[in-house]
Amino acid sequence: MENASSRADKLLQVAEALDVSLDYLMGRSKDSQIQNHPVSMTIEEAVDGIRYFNGEPVTDFKRRGLKAIAKAYLRKD
């Protein structure tokens, strides 16, 4: 049985082959162009947007860990 990760990889390959964004391919955007500009968002916004990884739901506990790792990495004292 094919898992969600392999299905997502196939969709990404199709989008890349057609040179369109994944959002456009999925019907979530009318803009077919891939936006290559940096996105401005906080670590919290980025991590809170993560709902699934490898086909499994991301728990609040894991989200807190991801936030801590990202903040520590960016701090680089």
Side-chain angles (χ1 to χ4, degrees):
M1 181 172 185
E2 188 177 36
N3 64 29
S5 180
S6 63
R7 288 191 304 267
D9 288 341
K10 287 181 182 178
L11 284 172
L12 188 56
Q13 289 173 351
V14 170
E16 288 174 350
L18 296 174
D19 197 27
V20 297
S21 70
L22 192 53
D23 283 338
Y24 179 79
L25 185 67
M26 300 297 295
R28 298 187 318 187
S29 170
K30 293 181 188 222
D31 183 7
S32 66
Q33 298 302 309
I34 299 171
Q35 303 298 319
N36 289 325
H37 54 82
V39 175
S40 177
M41 68 173 63
T42 65
I43 291 171
E44 286 77 13
E45 292 169 328
V47 173
D48 286 343
I50 300 171
R51 297 289 174 237
Y52 293 91
F53 181 74
N54 282 341
E56 297 291 323
V58 176
T59 64
D60 288 338
F61 176 76
K62 288 181 180 178
R63 247 185 233 106
R64 285 191 300 271
L66 288 169
K67 288 176 188 178
I69 291 168
K71 288 176 182 177
Y73 175 78
L74 292 174
R75 201 171 307 126
K76 291 185 182 181
D77 294 331

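- If you take CZ on R63 and CZ on R51, they are separated by 5.0 Å, rounding to the nearest 0.5 Å.
- Residues forming a side-chain contact (heavy atoms from CB on, under 4.5 Å) with E56 (at least two apart in sequence, or on another chain): none.
- A chain of hydrophobic side-chain contacts below 4.5 Å, direct or via other Ile, Leu, Val, Met, Phe, Trp or Tyr residues, connects V47 to Y73.
- In this structure, CG in L66 is found 5.5 Å from CD1 in I50, a value given to the nearest 0.5 Å.
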